[in-house]
Amino acid sequence: MNKNISNEIITILEEIIPNPVCELDYNNPFELLIATILSQQTKDKRVNEVTKILFSKYPNPESLMNAQIDEVEKIIAPVGLGKMKSKNIIMASKDLYYKYNSIVPSNLDDLMLLSGVGRKTASVVLAEAFKIPAVPVDTHVLRVSNRLGYAKSDNPLVVEEALKKYIPKDKWILSHHLFIHFGRYKCLSKNPMCSECKLKEYCKEKNKNL
Ligand code: SF4
């Protein structure tokens, strides 16, 4: 990989995916934070179905931290891992209320201290809610980055560093969306659409998947 090749890849992705956006529904940083915690290991569409109900009952950290855990678990059941996720979002709300005056922090370190928030979730909130350059590496970004030759690693941090090295900072957020969309709809984990792929010439796995 080098910066020129990376630029070519990003340009092609911009042509294939003209207007990539976050697929989670949210109205403010609090809702995005909770939705992103809930989105771990499930589809964004499913998260949007439950957050519609969740946020109508618990619209802010104070209301959510005082919610009955059983009630929250029931609402978020469709996204899976209900016990763990309900505990995490209630605890994160408590942290926000007591430590941050109910305001979602806009820096990585503070975000990562919240319950249920790892580096990827914190980076999504930074990039999406605050438009602070960040490169969240989820399963799609990890897979696509490996296939396109940015890195050869299962470690999200290694992949994040590689992406940051080759992609200009002002394109980090855009590239994150492009990679997610490309991974979600074209460069699928199983049966990627290689025969019609415009990035074939850059791909390290095309022969495996064609
Ligand atoms: S050729 Fe296939 S595996 Fe490679 S980037 Fe394109 S869709 Fe993904």
Side-chain angles (χ1 to χ4, degrees), residues 1 3 6 10 13 20-42 44 47-48 51 54-55 60-62 64-65 79 81 84-146 148 150-184:
M1 179 55 63
K3 287 184 181 176
S6 173
I10 302 298
L13 282 173
V21 287
C22 172
E23 292 187 347
L24 290 171
D25 294 339
Y26 68 95
N27 294 301
N28 52 54
F30 169 70
E31 289 189 3
L32 176 66
L33 172 71
I34 300 301
T36 310
I37 295 174
L38 294 177
S39 73
Q40 290 158 13
Q41 293 180 48
T42 191
D44 289 355
V47 174
N48 293 337
T51 50
L54 187 75
F55 297 143
N60 49 43
E62 189 175 2
L64 187 53
M65 78 180 195
V79 301
L81 305 173
M84 186 188 78
K85 288 181 180 174
S86 52
K87 201 170 138 205
N88 280 337
I89 60 175
I90 288 173
M91 288 297 293
S93 299
K94 235 176 235 176
D95 292 341
L96 284 176
Y97 182 79
Y98 287 114
K99 295 186 192 157
Y100 301 101
N101 203 19
S102 289
I103 294 167
V104 176
S106 57
N107 70 78
L108 197 72
D109 291 341
D110 285 341
L111 280 164
M112 284 176 65
L113 291 175
L114 300 170
S115 293
V117 178
R119 190 176 179 89
K120 188 211 79 178
T121 299
S123 299
V124 168
V125 174
L126 277 191
E128 189 60 26
F130 300 111
K131 307 298 173 217
I132 294 173
V135 185
V137 176
D138 71 351
T139 173
H140 300 299
V141 176
L142 188 102
R143 182 177 66 255
V144 169
S145 302
N146 271 275
L148 292 176
Y150 281 87
K152 207 173 173 189
S153 174
D154 283 340
N155 182 334
L157 192 55
V158 172
V159 172
E160 180 184 327
E161 277 162 8
L163 291 168
K164 285 179 170 174
K165 181 172 164 192
Y166 297 117
I167 298 172
K169 200 169 184 174
D170 63 349
K171 293 228 166 173
W172 286 0
I173 298 176
L174 170 70
S175 306
H176 152 71
H177 287 309
L178 291 169
F179 278 50
I180 287 192
H181 279 246
F182 185 59
R184 197 174 269 162

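- No more than 12 heavy atoms of other residues, nucleotides or ligands sit less than 6.0 Å from atom NZ of Lys169.
- Glu128 and His177 form a side-chain donor-acceptor contact under 3.5 Å, judged by distance and modelled atom types alone.
- Atom OG1 of Thr121 and atom CG of Leu33 lie 8.0 Å apart (nearest 0.5 Å).
- Considering CD1 of Ile89 and CE of Met65, their distance stands at 14.0 Å, rounded to 0.5 Å.
- Once rounded to the nearest 0.5 Å, the distance linking OG of Ser6 with CG of Leu163 reads 8.0 Å.
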Take Ser39 and Leu24, measure what side-chain contact (heavy atoms from CB on, under 4.5 Å) needs, and give me the verdict at the end. CA-CA 8 Å; Ser39 73; Leu24 290 171; 4.2 Å; yes

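- Between Glu160 and Lys164, at least one side-chain N (NZ, or NE/NH1/NH2) sits under 4.0 Å from a carboxylate O, which counts as a salt bridge.
- Residues Ile37 and Ser115 share a closest heavy-atom pair of CD1-O, 3.7 Å.
- Distance check: Tyr26 OH to Thr36 OG1 gives 8.5 Å after rounding to the nearest 0.5 Å.
- Remark: side-chain polar atoms of Lys99 are not paired, donor with acceptor, to backbone N or O of Asp110 under 3.5 angstrom.
- A side-chain donor-acceptor contact under 3.5 Å links Arg143 and His140.
- With values rounded to the nearest 0.5 angstrom, Leu108 atom CG is found 5.0 Å from Arg119 atom CZ.
- Atom NZ of Lys87 has 12 or fewer heavy atoms from other residues, nucleotides or ligands within 6.0 Å.
- When side chains are defined from C-beta on, Asn107 does not count as touching Ile132, because their heavy atoms never get closer than 4.5 Å.
- Side chain of Asn28 to backbone of Phe30: a donor-acceptor contact under 3.5 angstrom is found.
- Minimum interatomic distance between Ala134 and Leu126 (heavy atoms only, all atoms of both residues): CB-CB, 4.3 Å.
- A donor-acceptor contact shorter than 3.5 Å is absent between the side chain of Asn88 and the backbone of Leu38.
- Side chain of Asn48 to main chain of Asp25: a donor-acceptor pair is present (N/O by atom type, distance under 3.5 Å, no hydrogens or angles).
- Contact record, Arg184 with Asp44: NH2-OD2, 3.2 Å, taken as the closest heavy-atom pair.
- By the 6.0 Å contact criterion, OH on Tyr100 is enclosed, its count of non-hydrogen atoms from other residues, nucleotides or ligands being greater than 12.
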After noting the C-alpha distance and the side-chain angles of Ile167 and Trp172, does the key distance pass the side-chain contact (heavy atoms from CB on, under 4.5 Å) rule? CA-CA 7 Å; Ile167 298 172; Trp172 286 0; 3.9 Å; yes

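- No more than 12 heavy atoms of other residues, nucleotides or ligands sit less than 6.0 Å from atom CG of Asp154.
- Scanning both residues, Ser175 and Ile10, for their nearest heavy atoms gives OG-CD1, 3.6 Å.
- Minimum interatomic distance between Asn146 and Ala151 (heavy atoms only, all atoms of both residues): OD1-O, 3.1 Å.
- Proximity of a side-chain donor or acceptor of Gln41 to a complementary backbone N or O of Leu81 within less than 3.5 Å is not detected.
- Considering all non-hydrogen atoms of both residues, Val125 and Leu32 come closest at CA-CD2, 3.9 Å.
- The closest side-chain heavy-atom distance from Pro136 to Ile180 is not below 4.5 Å.
- In this structure, CE on Met1 lies 13.5 Å from NZ on Lys152, to the nearest 0.5 angstrom.
- A heavy-atom distance below 4.5 Å is found between the side chains of Lys85 and Thr42.
- Residues Val104 and Phe130 have side chains in contact (heavy-atom distance under 4.5 Å, counting atoms from C-beta outward).
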Criterion side-chain contact (heavy atoms from CB on, under 4.5 Å) on Phe179 and Leu13, from CA distance to verdict: CA-CA 8 Å; Phe179 278 50; Leu13 282 173; 3.6 Å; yes

